[in-house]
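Worksheet: the structure to be examined is printed underneath.
Because the structure is predicted, anything quoted here is derived from the model rather than measured. Chain identifiers are assigned alphabetically (A, B, ...) following the order of the sequence lines, protein sequences preceding nucleic acid strands; residue numbering begins at 1 within each chain.
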2 protein chains.
Amino acid sequence: MTQSISVRQQPAISKASCQHCSLSNLCLPLALDNSEMSRLDEVVNRDRIFNRGEQVFGQSTPFRSCFAVKSGAIKTSMITESGDEQITGFFMPGELVGLDSMSDDHHASTAKALERTSVCEIPVDQLEQLVHVLPGLQHHMFHLMSQEIRNSHQLSVLLSKNTAEERIAALLLSLSSRFRRRKLSPTHFNLPMARNDIANFLGLAVETVSRVFTRFQNQGLIRARGRDIELLDLEALQVMAQGTSQP
Amino acid sequence: MTQSISVRQQPAISKASCQHCSLSNLCLPLALDNSEMSRLDEVVNRDRIFNRGEQVFGQSTPFRSCFAVKSGAIKTSMITESGDEQITGFFMPGELVGLDSMSDDHHASTAKALERTSVCEIPVDQLEQLVHVLPGLQHHMFHLMSQEIRNSHQLSVLLSKNTAEERIAALLLSLSSRFRRRKLSPTHFNLPMARNDIANFLGLAVETVSRVFTRFQNQGLIRARGRDIELLDLEALQVMAQGTSQP
DNA sequence: CAGGCCTCTTGATTCATATCAATCGATACA
DNA sequence: TGTATCGATTGATATGAATCAAGAGGCCTG
């Protein structure tokens with residue numbers, strides 16, 4: 001039996017300011033000094049809470065704000081005209097959601113909380129004004145958006161070039177490095193999302209995801225008990241993720 | 001026999017300025033008034049020419065500039081560690097290439113000319129400064145980058161949810177609307193890219209692309225002679241592109 | 001004008017993964 | 001406490017597109 005004491009994220013004793021937020025070195029404040037940070041503080045709508053499954057915004061929602069994840073996790077997806085969902089990203093604490101919507105007056109995607117999640121809401125009109133007086137923030141915004149493009153291209157590569165095993169290895173490693181970034185264990189963590197979401201994101205059937213997990217387990221690459229995941233052989237996973245196309 | 005007089009794009013009698021460029025209503029100047037445009041003019045490196053197959057930049061190139069396509073066409077791709085290419089986008093006149101690289105000091109992708117192509121080079125450090133004094137341009141840059149994220153997400157949807165036929169229909173329609181935007185015929189145009197590139201971009205084998213083209217032709221949806229394409233039934237293509245998943 | 005080299009097309013076979021079907025376990029529910 | 005519901009797993013079968021193989025049509029080059 002594993003300890004089943006749920007290690008809930010304490011909502012960080014933030015005095016409702018970026019300065020005191022434990023994520024300030026990951027999130028937007030990363031690019032700012034203290035005085036600049038307080039400018040940002042003024043426009044941020046702190047601590048909006050969403051329960052698992054609740055929608056942060058939808059494709060029909062007018063676009064007013066971006067959201068920084070504070071705790072929990074969010075998935076974004078596009079719902080096609082024929083009604084099915086394609087998950088386009090998972091967002092963890094310190095990451096910014098909604099950057100794909102800045103080219104329109106309504107959101108380009110739907111964002112849902114994967115678990116109980118708290119976010120900081122950042123109104124875009126105020127963000128744009130702020131960016132205008134804080135060159136560092138502007139640069140950082142370009143950086144973030146560019147990163148987002150790159151991630152998405154990377155996803156395209158995964159979807160069109162890689163096998164089921166390679167895709168799943170890549171996802172596990174991506175999650176791992178994001179946990180590491182937050183100074184959490186990169187080898188033992190809880191998946192914030194269901195198998196279903198993984199399958200959808202990676203363009204696979206749930207059954208395939210399940211099979212690959214058990215295969216990985218039999219090969220001694222991981223240990224998986226539901227959402228509790230342990231990566232036992234990072235190197236092997238890295239090799240796997242890269243794909244070995246040419247002989 | 002079709003007229004084989006090649007309708008080469010005249011390099012627009014641009015007096016080397018955005019004001020006189022025929023693309024000013026599509027490209028960056030879109031967001032600017034005349035005085036602002038001349039500021040942009042000062043930083044743009046005009047009329048760099050690349051022949052078919054030549055590289056505009058590569059993944060190892062230090063990132064200094066974005067490029068606006070003036071005539072011709074460009075493909076961008078990511079080369080994976082295992083050495084194979086995944087095309088991430090096609091860029092036509094009036095479109096901006098290189099936005100995925102603003103988060104790093106080297107390019108995130110490789111850009112190659114698909115045919116003889118002229119581009120305007122825009123040094124990023126100067127662009128960032130300019131953006132800082134021209135709020136309209138800043139807004140537009142956010143818009144463009146956001147659009148790029150959206151496009152890429154759209155590609156992911158295509159790759160993971162749609163059949164070969166649906167993907168190809170979608171690509172043809174995307175090209176069509178981009179020709180329309182430039183006031184060219186949306187139903188009769190020359191593909192700037194080879195079948196190979198289409199296949200790669202859409203995550204298919206060349207043979208599959210070829211087969212789908214002939215199938216479409218037999219169904220009376222298109223007429224295809226090599227790169228010369230005529231869309232005969234836009235509506236049917238639209239229906240096809242959306243995919244009919246649920247019964 | 002012939003030869004060589006691409007690009008594109010067409011046909012036959014194979015394979016990875018989807019789909020269909022059933023069971024199991026856990027959590028929620030009343 | 002039993003029952004309904006949902007998520008995950010496992011097995012059997014079907015299939016869309018890849019791969020393998022070969023030929024056809026252009027286009028350049030010597």
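Residues A:L26 and A:M92 have side chains not in contact (no heavy-atom distance under 4.5 Å, counting atoms from C-beta outward).
What separates CG of B:L191 from C1' of C:dT7 is a distance of 13 Å, to the nearest Å. Between A:R195 atom CZ and D:dT10 atom P there is a gap of 11 Å when expressed in whole angstrom units. Rounded to a whole Å, the CG atom of B:N200 is 17 Å from the C1' atom of C:dC8. Atom CG in A:D197 sits about 16 Å away from atom P in D:dC6, given to the nearest Å. The CZ atom of B:F213 sits 16 Å away from the C1' atom of C:dT10 (whole-angstrom rounding). Rounding to whole angstrom units, CZ of residue A:R227 and P of D:dC6 are separated by 15 Å. In this entry the distance linking CG of B:N196 with P of C:dC6 reads 13 Å, nearest Å. Between B:F216 atom CZ and C:dC8 atom C1' there is a gap of 17 Å when expressed in whole angstrom units.
A close approach under 4.0 Å does occur between a side-chain nitrogen or oxygen of A:T214 and OP1 or OP2 of D:dT10.
Side-chain atoms of B:R167 come within 3.5 Å of backbone atoms of B:L202 as a donor-acceptor pair (strictly under, hydrogens ignored).
Minimum atom distance to the side chain of A:A194 is reached by D:dG7, of the listed D:dG7, C:dT9, C:dC8.
Checked for salt-bridge contact, B:R52 and B:E115 miss the test: no charged N lies under 4.0 Å from a carboxylate O. Salt-bridge formation is not detected for the pair B:D84/A:K161: no Lys NZ or Arg NE/NH1/NH2 atom is positioned less than 4.0 Å from an Asp or Glu carboxylate oxygen.
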After noting the C-alpha distance and the side-chain angles of B:I229 and B:H188, does the key distance pass the side chain to side chain contact (heavy atoms under 4.5 Å, CB included) rule? CA-CA 6 Å; B:I229 296 283; B:H188 191 181; over 6 Å; no
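For A:F63 and A:H107, the distance between ring centers is under 6.0 angstrom.
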Output one letter per nucleotide in nucleotides 11-21 of chain C: B when a protein non-hydrogen atom lies under 4.0 Å from the base, S when only the sugar-phosphate is that close, - when neither is. BB----SSBB-
